[in-house]
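Taking it in order: structure first as structure tokens, then the write-up.
In the text below, chain A, chain B and the rest are named by the order of the sequence lines, each starting its count at 1.
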Protein chains: 2
Amino acid sequence: MAEITIKYLAQKLNLAPSTVSRALNDSHEISDATKMKVLALAEELNFQPNPYARSLREQKSKTIGVIIPERINNFFSQVIDGMESVTRAYGYHLLVYNSNEDTEQEKNILSLLIGGRVDAIVMSISRFDQKSDHIDKLKKRNTPVVFFDRISTNFPTTKFITNDYEVGYQGTVHLIEKGCKKILFLMLSNENSNGIERLRGFKDALKKKNITFEANWVIECSHSDEKNIALLESIFYKLDRPDGVLASVEKLALATYRALSRTHIKIPEQVRVVSFSNMKIADLLHPPLTTISQPAYEIGEECAKLLIKKLTKKNQPDLEDKIVTIPSVFTERESSK
Amino acid sequence: MAEITIKYLAQKLNLAPSTVSRALNDSHEISDATKMKVLALAEELNFQPNPYARSLREQKSKTIGVIIPERINNFFSQVIDGMESVTRAYGYHLLVYNSNEDTEQEKNILSLLIGGRVDAIVMSISRFDQKSDHIDKLKKRNTPVVFFDRISTNFPTTKFITNDYEVGYQGTVHLIEKGCKKILFLMLSNENSNGIERLRGFKDALKKKNITFEANWVIECSHSDEKNIALLESIFYKLDRPDGVLASVEKLALATYRALSRTHIKIPEQVRVVSFSNMKIADLLHPPLTTISQPAYEIGEECAKLLIKKLTKKNQPDLEDKIVTIPSVFTERESSK
DNA sequence: TTGTAGGCGTTATCAT
DNA sequence: ATGATAACGCCTACAA
């Protein structure tokens with residue numbers, strides 16, 4: 001760890017440590033002359049104050065803990081990029097953890113953080129329907145917490161999500177207006193809050209457009225690509241096959257592409273596809289995929305801004321218990337032309 | 001931050017803080033009886049030692065700084081996942097920063113870290129040919145540093161890369177043996193060390209197979225997908241078009257797919273494609289893409305293991321100045337059948 | 001304007 | 001087996 005300390009600088013300059021400290025912090029009660037001297041030496045020796053001594057003294061770490069359920073996922077990467085863009089400007093650091101969609105790991109990570117290692121936590125929880133005892137513990141400590149995307153509904157704090165319902169509705173209406181009459185809604189079996197809202201939008205759109213919803217239009221997929229592809233192939237192989245697909249998760253749109261390719265069914269001529277996705281290369285697929293993408297970077301920025309405000313300003317009230325919705329972006333491409 | 005301290009526990013139990021500390025650290029010079037008592041209360045009150053007090057005292061942070069040039073990139077996500085899998089097992093934390101391919105930012109991040117905030121640094125530098133003054137500063141402090149993928153050749157430490165040359169060679173031989181006679185090598189214009197090695201492998205493979213290399217087979221692409229696609233379209237539109245493509249970067253393979261799709265040229269019948277890529281969905285493309293993928297997770301694990309060893313064992317020598325090569329994996333799929 | 005002293009929470013050293 | 005004390009590096013009352 002570091003070697004050059006305030007004490008050392010003080011000694012070199014024949015000053016008291018407190019004077020050096022004040023000079024470094026640009027206190028008004030230090031003469032310009034000594035300020036210069038101190039700053040010059042600090043610069044020369046590349047002095048960096050020991051962050052842990054400072055944290056201990058000030059009772060804050062200038063660090064924010066981030067817990068995501070998955071790292072290999074553009075959405076979460078973009079969110080963190082958004083957060084980092086604001087936290088770094090304020091001298092805050094990001095400790096990032098991957099819970100691997102596992103409540104147990106989530107719990108462990110949380111227990112690492114409540115010791116004061118971080119001043120605040122941003123998280124997207126690993127499962128929707130979990131018991132949230134471990135999250136509730138956070139309430140006792142007064143570490144501010146913010147949720148995004150996969151939110152804990154019970155825990156009273158600010159949560160950032162996107163307008164899943166509306167955009168599910170919008171995507172469905174789009175498919176119907178392009179002529180689709182039998183639309184599949186693809187979702188993962190252990191679906192979370194987002195998927196449920198999206199499905200609600202889907203159903204309401206059908207109703208609005210006077211299309212009778214049938215239960216078997218909702219396809220619960222697994223986490224295995226191969227299985228999903230096989231399942232979809234079998235569905236599309238039938239004569240009365242669907243003519244539209246709304247995929248609530250990116251990987252299911254890709255499975256659809258593969259299945260349709262194998263069965264030689266054309267997109268969008270025979271089946272139109274719309275998917276929730278934050279994939280950068282949606283427009284490089286064949287055909288380019290119509291997407292509903294979440295404002296990931298912006299969600300990250302908002303989470304960070306809120307916490308920075310809470311942490312840096314005096315007398316901030318507790319984070320409001322509310323849900324903030326940031327709209328997703330619908331981008332029409334050839335897959336639903 | 002935290003409220004429950006060792007001192008508080010000591011007071012509750014009518015013990016000295018030092019005794020409590022020793023009990024918590026399972027010292028052999030504490031009676032089982034008091035150990036029990038202490039542990040029980042600590043458990044009950046959910047005591048977590050203040051990490052910053054400990055860091056200050058022990059002169060180590062149990063934190064490793066990670067600097068990557070880009071977050072929205074499966075390769076780096078996988079690397080970090082690999083690192084986290086080992087660091088967490090040893091109680092180490094990861095502070096992650098994105099330099100956004102910008103040397104200036106990289107410099108700033110580095111200066112944040114040398115204050116003792118981290119016990120070690122893992123980084124993949126933002127550019128190949130940069131002046132590395134800011135990195136050299138690390139030498140003065142004795143913070144261990146490890147590089148991976150985009151390495152600083154001058155800085156004496158252990159570096160982890162993959163066998164770019166060999167696998168570039170292998171991919172090219174594969175294309176030739178499938179019948180390709182005119183193969184394009186696609187690379188980004190501001191290429192880094194990896195790309196150069198891959199190109200070397202490409203050229204040597206041609207020579208070995210008695211195919212005369214022509215300078216215009218190397219296509220320098222830009223960072224704009226649209227431009228790249230247009231460029232490739234123009235190349236493939238000609239009569240004497242190439243019959244093979246080796247893309248040194250994933251995005252260029254995707255541009256190739258798009259260009260070939262637009263010009264109605266079939267993969268692999270008319271053009272075979274092989275690409276360096278860590279994309280999870282290579283097998284869901286149309287057609288599935290033959291890839292050379294870097295052992296990202298493993299690279300992360302190795303970086304972390306090395307540092308953990310250096311940090312946790314006594315009397316470790318400086319990190320050896322050497323390059324460790326972990327082989328990439330060649331996966332043949334339909335795009336080069 | 002500058003110096004002195006104490007303490008943030010922990011652990012190691014030296015007593016008892 | 002346990003207690004008292006000092007120190008890690010920093011900042012902030014309080015003193016001068």
My understanding is that only residues two or more places apart in sequence, or in another chain, count here; which of them pass side-chain hydrogen bond (donor to acceptor under 3.5 Å, both in side chains) with [X]?
| X | answer |
| --- | --- |
| R57(B) | none |
| N74(A) | none |
| E70(B) | N73(B) |
| D32(A) | none |

### Query
When you measure from every atom of DNA chain C, which of residues 17-37 of chain B have a heavy atom less than 4.0 Å away?
S18(B), S21(B), R22(B), N25(B)

In whole angstroms, how far is the [atom2] atom of [N] from the [atom1] atom of [X]?
| X | N | atom1 | atom2 | result |
| --- | --- | --- | --- | --- |
| K7(B) | dT10(C) | NZ | C1' | 11 Å |
| E58(B) | dT11(C) | CD | C1' | 7 Å |
| L13(A) | dT2(C) | CG | C1' | 13 Å |
| L15(B) | dA4(D) | CG | C1' | 14 Å |
| I6(A) | dG3(C) | CD1 | C1' | 15 Å |
| I4(B) | dT10(C) | CD1 | P | 11 Å |
| R54(B) | dT10(C) | CZ | C1' | 8 Å |
| N50(A) | dC8(C) | CG | C1' | 13 Å |

### Task
Among the candidates dC10(D), dT10(C), dG3(D), find the nucleotide nearest to the side-chain atoms of F47(B).
dT10(C)

### Task
Scan Y8(B) against the nucleic acid and name what it touches under 4.0 Å (heavy atoms): base, sugar-phosphate only, or nothing.
nothing

### Message
Based on the rotation axes of five pairs at each end, what angle does the helix from dT1(C)-dA16(D) to dT16(C)-dA1(D) bend through, to 10°?
### Response
50°

### Query
Which residues pass the salt bridge (charged side-chain N to carboxylate O under 4.0 Å, His left out) test with K305(B), sequence neighbours left out?
E302(B)

### Message
For N100(B) and D102(B), which I'm curious about, is there any donor-acceptor pair between the side chains at under 3.5 Å?
### Response
no

### Query
Is it true that R150(B) and E101(B) make a salt bridge, defined as a side-chain N closer than 4.0 Å to a carboxylate O?
yes

### Query
Which residue pairs pass the ring-ring contact (aromatic ring centres under 6.0 Å, His included) test when at least one of the two sits in residues 6-48 of chain A, sequence neighbours left out?
none

### Query
Does dG7(C) have OP1 or OP2 sitting under 4.0 Å from an N or O in the side chain of Q59(A)?
no

### Query
When you check the phosphate oxygens OP1 and OP2 of dC8(D), does a side-chain N or O of K60(B) lie under 4.0 Å from one of them?
no

### Query
So which pairs with a foot in residues 33-45 of chain A pass side chain to side chain donor-acceptor pair (under 3.5 Å), sequence neighbours left out?
D26(A)-K35(A), S31(A)-T34(A)

